[in-house]
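Since the structure comes first, as structure tokens, the remarks are kept for the end.
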Amino acid sequence: MEHNSSESRQGHQHPYVGMWVTKDGYIRHELLSNGRYDEARGQRQSAYQGRYVVEGDHIEYVDDTGFTADGDFVDGILYHAGMVLYREMKDNS
């Protein structure tokens with residue numbers, strides 16, 4: 001597993017970087033380009049924060065309290081800790 005994820009991502013944005021949301025919009029999971037993530041739940045912004053590492057289509061998380069989780073990207077969908085998240089597309093037209 002890559003341990004210097006934030007350094008390796010500078011200048012190279014991973015294809016999974018961005019906002020991932022559940023269908024109902026309750027969970028909003030942002031994968032930042034510096035190897036960190038920020039997860040909002042309902043009205044609670046930054047409910048969970050930590051770091052992540054992606055290898056292929058698998059993602060490993062360690063939140064700032066030390067809790068670990070993982071997930072997999074399959075056909076453009078993120079399956080993580082029993083949740084199904086979809087990439088949020090920005091509409092800035």
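Numbers for residues simply follow the sequence, beginning at 1.
- Linking ILVMFWY side-chain heavy atoms closer than 4.5 Å, directly or via other members, places Val74 and Tyr16 in two distinct hydrophobic clusters.
- No chain of hydrophobic side-chain contacts below 4.5 Å, direct or via other Ile, Leu, Val, Met, Phe, Trp or Tyr residues, connects Leu31 to Met19.
- Linking ILVMFWY residues whenever their side-chain heavy atoms come closer than 4.5 Å, directly or via other members, leaves Leu32 and Val21 in distinct clusters.
- By the criterion of side-chain heavy atoms lying less than 4.5 angstrom apart, applied directly or through intervening Ile, Leu, Val, Met, Phe, Trp or Tyr residues, Tyr26 is grouped together with Leu78 in one hydrophobic cluster.
- When all heavy atoms of Ala40 and Gln45 are compared, the closest pair comes out as CB-OE1, 3.9 Å.
- With respect to the salt-bridge test (charged N to carboxylate O, under 4.0 angstrom), the residues Arg36 and Glu30 do not qualify.
- Here the side chains of Asp63 and Gln49 are not in contact, with every heavy-atom distance at 4.5 Å or above.
- Atoms OH and CG, on Tyr79 and Asp70 in that order, are 15.0 Å from each other to the nearest 0.5 Å.
- The backbone N or O of Gly71 sits less than 3.5 Å from a side-chain atom of His58, completing a donor-acceptor pair.
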When you look at Asp72 and Asp57, which way does the side-chain contact (heavy atoms from CB on, under 4.5 Å) test go after all the steps? CA-CA 6 Å; Asp72 293 289; Asp57 292 325; 5.6 Å; no

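- Using a 4.5 Å heavy-atom cutoff, the side chains of Ile59 and Val54 are in contact.
- His80 and Tyr61 have their aromatic ring centers within a separation under 6.0 angstrom.
- Arg87 places a side-chain N or O within 3.5 Å of a backbone atom of Val17 that can act as its donor or acceptor partner.
- The hydrophobic clustering, which links ILVMFWY residues whose side-chain heavy atoms are closer than 4.5 Å, places Tyr48 and Trp20 together.
- Looking at heavy atoms from C-beta onward, Tyr86 lies in side-chain contact with Lys23 at the 4.5 angstrom threshold.
- Separation of atoms CG (Leu85) and CD1 (Ile27) is listed at 7.5 Å; rounding is to 0.5 Å.
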